[in-house]
Each structure stands twice: as structure tokens, then as C-alpha cells.
Q: 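First, the structure itself, so that you have it in front of you.
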Amino acid sequence: MSSLPTETSLLSLVDEIKTGNRESMNELYLSMYRSVYHYALRRVGVADAEEVINDAMMVVWKDAFKFEGASKVSTWIFGIVKNLCLKRVQHDSAKKRESIMYVDASDLDDVRDNADVAISAANLDEIEKLVCRLSDEHRSVITLVAEGMSYKEIAEIEGCPENTARTRVFHARKILKRQLAEIHTLHNTGSYS
Amino acid sequence: MKTKSGANKEHSSIIELLPMYVNSTIKATDRELVDTHLQSCSDCRKQLMFERKLQTATSAKIDVKQTARRNLAIFNSMLDGVQEQTYTDVARLKPRSIRTNRDDADTDNSVLIWQLRNFFGNLLPSSAGQFGGAIVMGVCALLVIGVFYKHDSPDTNVSGIQDSSNIVRGCETSEEVLQYEFVISPTSQTPVNVEAVEMLLNGAFTNSDYRVVDSDGSLLVTVNGTVCDKRIPKVTRSLEEQESIGKVLVRSLQ
């Protein structure tokens, strides 16, 4: 699923960036762009994603010398992007946030039977739309899994314990399955368009 | 034979592993567990199908080559802008005599200046940090230039770097150039005093005789020999970080 560059190549780029090498900075920018853009897109939307990436890359440029390899380079960069996305979201107007319908993980029924059929029938665009309706945290973990992150890396990026990351991933999927089941039911009754 | 609760527990743990199974970050031992379980569990096979569908739907499939190039150009202009601003700040801070006589040195040390600006800028908070960082960087740039002036001195080598325990020790007391002493010592773990920079910025020392003194690991600011009222939160950096900066300094000067 993921097409992130190898850790070795990212590490050597960061080493060069530490010495002020702009060519390496450009290379790192291009090699990480697709993944971080996709992540930012899901968290802050198309209007802000590009700006968030440039801000994040500026942090990478300035803070490269602080990077000591305690985490993977990609995890470090995703963490920066995540923090900048959070700031954007926090500064969003209440109006904008209210326009997004979030689904709470609590009070979930067991929708397994209906969901199985719904999953078979669901197309990718349908799933994509439902992911966009999830809460910020759930959208984030779903995107990170698709970008090839492990639970440990997701926890590092999200700044939460690994078990919390596992729970978020689990709940995000459960919510999606419930929504697919609901849509499937509406399809069958002819009330979904 | 597995009990019902044991089977449920295994089922739950397999469900939890499926996202990592599909994105290939699962451990080899866990992968074997999943493979074995999938052979006998239709629920998990359905969940696996969902997981694959979900990850396919949510993985990046947009072609961003064009936008990446376009935004990279914007990013580079941002970098240029920040660097230009930095050079302007340095020029503003330098005494006239240096500005007129050492323009070439300025150019030669542009990379160093940028790196110093990055280094110190990050020690400081937000916008004050950026401005203050530029001030400190300016001071450091002066030190470097001051070191050039002292190039022939037997006590100072070209970069002011003496040994690993004293990476950067710039001391410029020439009346013509500067009237203060600024010391960066890795042994203090406190190379820069944030508030001192801010006070400098606010004109607290315009007249004069101030010192940034390294005292048992923390920095004090004294003006005319009197310790300033405010004690400043200590900004610490590891010895390794400072050594790294020292190496950059050496490379830049070579």
C-alpha cells in the first residue's frame, strides 16, 4: 500500500540536510510528498494540506540537527505534519467544524451480519466518502495504517500509548462497518441515493 | 482443544493484527499466527477482505507529481525568503566598521550564518524566538568575524574551536568592534540565554557594558557588574548537539 522511501535513504538525506544541503532537502521533500500530502489532506482538507506540508518541511529543515534517529525519519516527519494539522483544526472556526458530521465510537451495535454483505457490495469511493466523515483521530489512524505504519509508529505520531492506537484503529473500522451496513440497508429500501 | 473463551481471545487478537497484516508491518511470527487462523475462521477472512478494501480505498492514489513540483518551488522561495531576512538582520546588527570592511567574509560565511540562525532560532519561542534567534546569530556571526581579525593570534585557531570540551569559545572585546563578551561553552549545557537575547533586542544594553556570564551551568546577565533582576529559564542542549554544531562550524569555515 505504502510507497514510502526506505529508512536508509531518508536517513542519509537528513544527514545531508544537517549540513545545509538544499538539494537533499528538495529530494526529501519530493520523496515524502505523496504520503504526507495524503495524510494532511485527510486531516485538514485540500485547502490547507499544501500549506501544512510546506510548514512541516520548513520545520524539518530547521530541526534536522535535532534528529538523532530515536524514531524513523518518516515517523518524525509524520509527527510534525500531525502537529501542524492539529493546530489548523484547532484554529478552524466552529462553523466549519460543525459542518463535519462525526460518528462517535461509543454505543456501537454489533452490525457484523449486515456489514458482511455491505462490505462485499461497497465500492472504494463509498468507503472513501465514509472515511471522510470519521472523526479527526479515526481518519488519522486509518490513513496511517494505509501508509504502512505499525501500531508503534502510529502511537509515536499520535503521541498516545500503543494500546490507544490499537483501540482507535479497531473502533475506526467498527464505525465504518456500521455505516456501510446502514447504507446497504438504505440501498435495499430504496431510500439512499 | 481450545475453549470457547480461548478461541474468542485468539479471534480478537487476530482481528487486531489484520490491519498490520495487510500493510505488511506485521512481525513474521504474528503473520504465521494469522495465516493459520485464517484457514479455519470465515469471520476473519471476511474481515481481511474488508481490511484490504479499506486500505486500497484509503491509500494515496492521487497523482501528486505536478503539485509536488509546484509546491516545492514555493517551499524553496520560502527558504530563500527566510535566509534573506536573516542576512538583513545580521547586517542591521553589525557595527558599521565591520559591515564596511568585512562584506566578503559575510558572503563566505552565509551557510554558517544560516546554520547558526537555525540552531539558535530553535531555542527560542515563537516569533520572539525567530527575532531573538536572528540577534543571537548576529552576535555569533560577529564572533566568527572577530576570530578572523584575531587570525594571527597564537592563542586562537581559525575557528576558535580548541578541543572537544570547548567547542566554540568566541571572545571579542575590541573596543572598536564590540563592547561585550559572549561565551558559548558546551560545558555549561547552556549556550544561549533566551532572555538576554530579548533584553538585548529591547535595547536594555544599548549603552554598554553588559556581560553574559557562564556561571556553574547557568547563565547570568550582568549589566555594569550588577546581576539583572530576571533570571532566565535555562535552555539546555546536549553535548552531542553542541558538538554537532561545532563540526558544522569547522566545515563552514574551511
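So that the names make sense, note that chain A is the first sequence line, chain B the second, and so on, each numbered from 1. Only heavy atoms go into these numbers, but all of them, side chains included; no hydrogens, no water, no symmetry mates.
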Q: Please look at A:Arg166 and chain B and tell me whether the side chain, the backbone, both or neither of the residue comes under 4.5 angstrom of a heavy atom of that chain.
A: side chain
Q: Treating B:Asn71 as the side-chain partner and A:Glu50 as the backbone partner, does any N or O pair qualify as donor plus acceptor under 3.5 Å?
A: no
Q: Which residue is it: A:Val145, A:Ile154, A:Leu144? I am looking for the one with a side chain to side chain contact (heavy atoms under 4.5 Å, CB included) to B:Pro19.
A: A:Val145
Q: Quick check for you: to the nearest 0.5 Å, what is the distance between A:Leu30 atom CG and B:Phe75 atom CZ?
A: 10.5 Å
Q: Could you state the interatomic distance from CD (B:Gln55) to OG1 (A:Thr143), rounded to the nearest 0.5 Å?
A: 10.5 Å
Q: Distance from A:Tyr151 atom OH to B:Met20 atom CE, nearest 0.5 Å?
A: 4.5 Å
Q: To the nearest 0.5 Å, how far apart are OG1 in B:Thr25 and CE in A:Met149?
A: 10.0 Å
Q: Would you say the side chain of A:Met57 lies within less than 4.5 Å of the side chain of B:Met78, judging by non-hydrogen atoms?
A: no
Q: Quick check: closest heavy atoms across B:Ala68 and A:Tyr29, and the distance to 0.1 Å?
A: O-CE2, 3.7 Å
Q: Within a radius of less than 6.0 Å around CZ of B:Arg69, do more than 12 heavy atoms belonging to other residues, nucleotides or ligands occur?
A: no
Q: How long is the span from the CG atom in A:Asn26 to the CG atom in B:Asn76, to the nearest 0.5 Å?
A: 4.0 Å
Q: Looking at side-chain heavy atoms only, is the closest gap between A:Val131 and B:Leu54 below 4.5 Å?
A: yes
Q: Measure B:Ile15 against the heavy atoms of chain A and call it side chain, backbone, both or neither at under 4.5 Å.
A: side chain
Q: I want to check something: taking the side chain as every heavy atom from C-beta on, are B:Leu72 and A:Tyr33 in contact at a cut-off of under 4.5 Å?
A: no
Q: If you define the side chain from C-beta out and look only at heavy atoms, does anything of B:Phe50 sit under 4.5 Å from A:Lys177?
A: yes
Q: As an exercise, state the distance from OG of A:Ser150 to CD1 of B:Ile26, rounded to the nearest 0.5 Å.
A: 11.5 Å
